[in-house]
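Below is one structure, written out as structure tokens; comments come after it.
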Amino acid sequence: MSLTEVSQSQQRRDLRLPLGVLLLLAALCAPFVASTYVVHALIIALIFMLPAHGLNLLVGYTGLLSLAQAAFFGIGAYASGLLAVTYGTPFYVNVAAAGLAAGAIALPLGIPALRLRSTSFVMCTLGFVIIGQAIAKNWISLTRGDMGLSSIPKPHFALGPLSFTVSGTTAFYYLALTVGILATLAVWMIVRSPAGRNMIAIRENETLAESVGIPTWRYKLIVFMLSAVFAGVGGSLYAHYLTVVSPLTFQMYYSTTMLIIVLGGGAGTISGVVFGSLLFVGLTEALRVTPELRMIAYGLCLLVLVFWFRKGFAPVINRLWDSIGSAK
Amino acid sequence: MTGLPILEISNLTKSYGAVKAVDDVSIHVERGEIAGLIGPNGSGKSTFFDCSTGLAKPDSGKVRLDGQDITGWTLNRIAREGRMLRSFQKTVVFKSLDVEENLIIAGQMFSFPWLFSTFGIGKLSRSRVSGLRERAQDLIRMAGLWDVRKQPAGNLSGGQQKLIQFASMLMPEPKLILLDEPMAGINPKIIERVVETILYANKSLGVSFLIIEHNIDVVTSICRRVIVLDQGRKLAEGLPQEIINDQRVREAYLGG
Amino acid sequence: VDETIRLGLVSPMSGPNARYGAFSLHGAELAVKEINDAGGIDGRKIEIFSADSQGTPVEGVSATRRLIDQDKVNYIIGDVSSSVTLAMQPVAEDAGVLLLNAASSNPKITYGAGVGGYKWTFRNYPTDENRALIVAKYAAEQRGFTKFAVLSVDSDYGRSAITFTKKYLPDFKGEIVSEDYYKEGEVDFRSVLAKIRDNGAQAIIMYGLADTTPIIARQMLELGLAGKVTLIGNGEFNTEKTIKSAPKVLEGAVEAAAWLPAFDSPESKAFVEKFTAAYNEAPNNHAYVHWDTVHLLAQAIKEAGSPDQAKVRDALSKIKYKSAVGEVTFDDHNQARLPMILLQIEDGKPSIKGAYAADIQYPAN
Amino acid sequence: MFSTILEQIINGIVTGSVYAIVAVGMTMIFGVLRAINFAHGEYYMLGTFGAWFAIDYLGLSYEASIVVGVLSTIVIAYVVGKFVMQRMVGAPPESGVLATLGIALVLQNTVILVFGGGYKFFSGGYIEPVSILGFSLAEQRVIILIVCLIVFIGLELMVTYTRMGKSMRAVSQNVECCEVVGIDVPQVVLRTFILGAALAALSGVLTAPVNVSVYGGMGELITFKTLPIIIMGGLGNVRGTFFAAMILGIAESLVATYVGLQFRDTVGFATLILMLMWRPHGLFSTQARF
Amino acid sequence: MADSNLSIKSLRAGYGSLDILNGVDLDVPAGQFVALMGPNGAGKSTLLKTLYGMTTIKDGSIDWRGKNIAGYKSRAILGEGISFVPQGRCNFPVMTVDENLQMAAYTLRDDKVKADRDYVYDLFPILKTRRSTLAGNMSGGEQQLLEVAMAVLQRPKVLLVDEPSVGLSPAAIGIVFDELLRLHAAGQTILLVEQNTKKAMEVAERAVILRLGRVTWDGLPGEISHDELGELFLTGKMRGETEAVH
Ligand SMILES: Nc1ncnc2c1ncn2[C@@H]1O[C@H](COP(=O)(O)OP(=O)(O)OP(=O)(O)O)[C@@H](O)[C@H]1O
Ligand SMILES: Nc1ncnc2c1ncn2[C@@H]1O[C@H](COP(=O)(O)OP(=O)(O)OP(=O)(O)O)[C@@H](O)[C@H]1O
Ligand SMILES: CC(C)C[C@H](N)C(=O)O
Ligand SMILES: [Mg+2]
Ligand SMILES: [Mg+2]
């Protein structure tokens, strides 16, 4: 029995590996075949995928429904925007600083917030976004308020004598793709490890998890911070891509978009998040017919999602993937 | 065996409003012992467990585990560092995970005690996980759950879930296990197996037990010593035979 | 060969500013229709492509990209909201597409344009600085106000107008006694108005949204501020609808606008008529500026003699365009020298007090 | 000084009353469905639009427009309740978030599509100021205050004493057990939902004369104002919601006066977060054992 | 009386597409006290839930007084006079004991309700002392008593009880089973699921053993010894083990 199992899975891997390579190749070739506009949409999708990955760790794996992602996204965007504009620090410093800043701010926010359960926690996290926006608007000496920060430089790498500026859409696409793949790998490693299993245990039943020795409090806090780091990095890329940051970066709308990516893609699955960010960013672009009809369609999509794909699209993708794998 | 009790709880008190759920109770469990805790409904047994394991905060009293004062420790720390596990009266499982995963989770904090080591991948950690899996499968067979082992635990029958809980307690090698009504709703044949497993764990692995149970036959057959609570106070303590013949216990608990 | 001129319009078609988007699109469409009906520009027709910015920078950038990459537009007009325009600038710059702004007033847009950096951005709209200056000046000199309360919309427009007000007010011995900003959609101003009632302000400086003005006016009435405190600034004080909501409060209000339907010039009157005939409602300022900007662009293309973007750009910087409010030229920051129109409500009707242009003091870089 | 504070407190109570009537419906819906209704403000908007339509298109009086506004909202709520909310029974909270966000988008944009995105002018109502305790207040605000009191006394009685009220509480606690004792869960959900939506609509119609402008996006704002209230009030708790709404109304009013209007929208969530630090389960909730 | 009975024919039911009951046949004459036993996961609870309309029925019929009630909603079944005490917690945790008892009689609107409640309080004095405690704050056993009391208050014609003895002290089990006997004596039909086979065999008139979703033994309690019973549980083994072969 165990023998057949092994050979079966090998057979599967044989078929899925080339397909995976193919998909990767497709991703690499995208800028050469797709129009600049599609590439731009892909970049936005890749940028939103980062906070979504973080949110997935929080919602999908640890079971904490949070709307705070936009706050950390905004913190990341402002952190790198301010560094770049005022100190002219290089890109990779900004990205790292954005991630760290978001993670560090998540600590004092998470300590009180994580004591709350379910709905109170959701509302508290929503509060972070709203208060974040108020700070961005009113702490004018730091953030320049509504005027926002503009002319954030394009990512620039300098290694000794080598220097390179990521200026065009194509170049930025590769940058976003690289970061996206790295983040996906990082999430994959986390969730497959025993730590990932512990997170799932917390999602399923916190008290039970606690009783088998899982330090749930510390886990929740660390995952909360981790999700903020992902969001911060996303925010940093966003700032460098759009070259402007304004208080509108702190938007409940972004938080819900990220949540929809995760839930619609399939909470607790990595493929779901990847697919979700492509679909839901792609979808908003595709639906650009007339604005109201588009929003109505978007709303109806959400209802369809809730009624017919309660687990998001991930189960569908996985079934497809499996059927590809087991096809001869 | 040293004379030091593995668990020693002194003068524990807990009240909810006007209700004194536990009222100045002192209990100890000796190393290698299987002790029973019985009492009428609402006599404070589960509350006593909650207070000893960090789930509830006692109003006063001291809990010592293996000579160490663990009063005020959190539930997870008691489980992880103190190696004292407990089960719940109201059956709880990780609902959407299958039986095997349920057991692996129950065991892994001991194989991966440090938060960051749990992120470890690589050979050592893989072999640890497969060790856990083997152990889980043995326990699944014991509990007669083999065929449903890949089903989400939340979809199993009440009794089957209770068995998962019991099996989870044996996943790691704890020093002491507190069981809250492990036999409730379990069919008589499986009760025999559960009893055997408890005795085996006790003899061969040296795990001590404190068991709340209303199935008086089981209590008398496996416990060396039985403690009786009534209205939050300790009513009696002694050998099983003495206890069931005690007039006060008969009145308060056994009925007649 | 495709002979049509492809013109993109980025505006907030949905979201809280959707109303501005609708007016902008109508204005631009009307101009395009006029031009095409008259035979186009040297025979070339204009085709308009509208894209929704939702009033947010990221959507604005997406919209801009789509216009450039998919609709292959040569020119873009947009956006209303300054934050969005600021985000669109680098995108247009990268693509070498001419970005003509018709309605954003934040000075930063042209601080960074022309010799400031972005070669492809032009703005055919007066700035907040200009507006703030003339309102402050008029209020102080003509009306004799010295104590002001600020109540403006919490956006880059409302906030930057106040920033400049603060810059100029000391010149006129004016003093700000309280400063408040409201969110789009705010409906309850009683607390602030009560405070203003008690702090002795003579006028409320309001750079606000058209739709909020009636609410504030009504609540001023409720608190007994009518006739005691005057509204000054900008926020469609001059439309019939606003005045009707609380005539007693709006009497004497002072407003500086890029344009208003009551502006007395033949071109302006003709525009109001055509617009009203076409859309069954009176145009507002945003309809006008977009209508005007399309005509401006058409003239530039005509003068360039070809739709080539670089040539049109050069034509624009040299252009002398006769708009409905006066002649327009661009400075070296690609900022139009445009007058602001100052008006005061008298007997329930807007009465125009003059049109003032001011040279902008660019920050030294 | 003192009289200014008093005046602001009265202002706050009026604002609080508007919030309270909307929030109480939301909290009751949460009670039976365990889902935050992100679309709740949309019923406030629908009610207002209904009344505006009645006045502007049908030429009805303000009183009649109240009926039209509330009734038309009830019809829409019935449809939404039948097809969406009833199916949310027992669904995980995430589904509730997505579904109600979806409904909010659909309702809001349908209205914009039909009536346009611009602001409408609401012309009915009693806006003449009256003087109470020396403070000037529009008559309409006095009406709002009185209606709020009536609504809350009525609801409090209903929840504690009537079968409907008891079954609402029952549904909120254990759906399976409702089946066992014979409570018609879908019906209770539908009725609660319609009641909540109707109250939101009523609040909208009553507030329209003083808020003057009517527009498609107005519901979203009110949703955000009421979210912190229902949490502070202890989800599902009618009396708690009343006090929380008053606290928030007054706090907003004071902040708007003494700190700055721009901080007003932050007050709700800031108060909420502060309060949650102090009492993680809300001001008025009861918590059962694990 | 013979006309009013419960008759289950080749019933197939389960959860979604998963079948748990694979053709259950059972005839219960009016007024009979039946004990339903079997290994864990045999489908006992599923059978009771199916009778109460809480699962998906694929096939077969449930005749109750000449009417096929298969596919009825729970509420309709309650209306037909069938009550159910499910396994595990089933009360309103944030209502007091008294309110819970009131809710139990939700569908009854006569003046006997109050008298019934007093009767229940006399029966289980512990509930009386806890009458204003929130149900969710009581001990497991106390809640179990409450749930039995709630079913009693519904005055059903048929009572479906799933493991009422779980978590009860021997004394309390005595009281509960005495109450079941009293109800039975008053003419109620009772379907009792129990793992406490010893006790169940004492009180029931008839024993039915379920395994793998089928009735495998049906007879008088006296006809089978405890060892035989245990043997029956095991030879069938558990649902899992027989199927594990393939
Ligand atoms: N909600 C559910 N969804 C899917 N399968 C279920 C569900 N509930 C139970 N099952 C399956 O049905 C089988 C029978 O369950 P049931 O609860 O009827 O057993 P039981 O005989 O009452 O056992 P016990 O004595 O342990 O209560 C179980 O093995 C389980 O796998
Ligand atoms: N959170 C609480 N609030 C109020 N009373 C409580 C609370 N928790 C427990 N009690 C009361 O404390 C008493 C002891 O409860 P406990 O659960 O410890 O009893 P037990 O001995 O485990 O009973 P059983 O055998 O029925 O499980 C009960 O009377 C219960 O009502
Ligand atoms: C909506 C308008 C008042 C916008 C303003 N002109 C701006 O620059 O943002
Ligand atoms: Mg207990
Ligand atoms: Mg069962």
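What's counted below: heavy atoms across the whole structure, side chains too, no hydrogens, waters or symmetry copies. As the structure is a prediction and not an experimental result, all values here were calculated from the model. All chains are named by letter (A, B, ...) in the order of the sequence lines, taking the proteins before the strands, and each is independently numbered beginning at 1.
- Top candidate by heavy-atom pairs under 4.5 Å with chain D, chosen from A:Val304, A:Leu126, A:Leu259, is A:Leu126.
- The two atoms that bring A:Ser120 and D:Leu276 nearest to each other are O-CD1, 4.0 Å, heavy atoms only.
- By number of non-hydrogen pairs under 4.5 angstrom with chain D, the leading residue of A:Thr119, A:Leu300, A:Thr256 is A:Thr119.
- Contact of the D:Leu105 side chain with the A:Ile296 side chain is not registered, since no non-hydrogen atoms from C-beta on lie closer than 4.5 Å.
- Looking at heavy atoms from C-beta onward, D:Phe224 lies in side-chain contact with A:Ile130 at the 4.5 angstrom threshold.
- Scanning all heavy atoms of the two residues, the minimum distance from D:Phe38 to A:Met123 falls at CZ-CE, 4.1 Å.
- Side-chain atoms of A:Val306 and D:Arg87, non-hydrogen and from C-beta on, never get closer than 4.5 Å to each other.
- Both the backbone and the side chain of D:Ala91 come within contact range of chain A, with heavy atoms under 4.5 Å apart.
- Interface residue A:Ile131: backbone and side-chain heavy atoms are both found under 4.5 Å from chain D.
- Residues A:Lys137 and D:Phe263 are not in side-chain contact: their nearest non-hydrogen atoms beyond the backbone lie 4.5 Å or more apart.
- With A:Leu302 as the fixed residue, the side-chain contact (heavy atoms from CB on, under 4.5 Å) test singles out one of D:Val97, D:Thr100, D:Leu101: D:Leu101.
- Side-chain contact between D:Phe83 and A:Leu303 is absent, with no heavy-atom pair separated by less than 4.5 Å.
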Exercise. Which is it for D:Ile273 and A:Phe128 under the side-chain contact (heavy atoms from CB on, under 4.5 Å) test, yes or no, and what are the steps along the way?
Worked result: CA-CA 9 Å; D:Ile273 291 173; A:Phe128 293 158; 3.8 Å; yes
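- Taking chain D as the reference chain and counting heavy-atom pairs below 4.5 Å, the highest number among A:Gly264, A:Cys124, A:Ala267 is found for A:Cys124.
- Across every non-hydrogen atom of D:Met277 and A:Arg115, the tightest pair is O-NH2, 3.2 Å.
- The shortest distance between side-chain heavy atoms of A:Phe307 and D:Val84 falls below 4.5 Å.
- Using a 4.5 Å cut-off between heavy atoms, D:Leu98 contacts chain A through both its backbone and its side chain.
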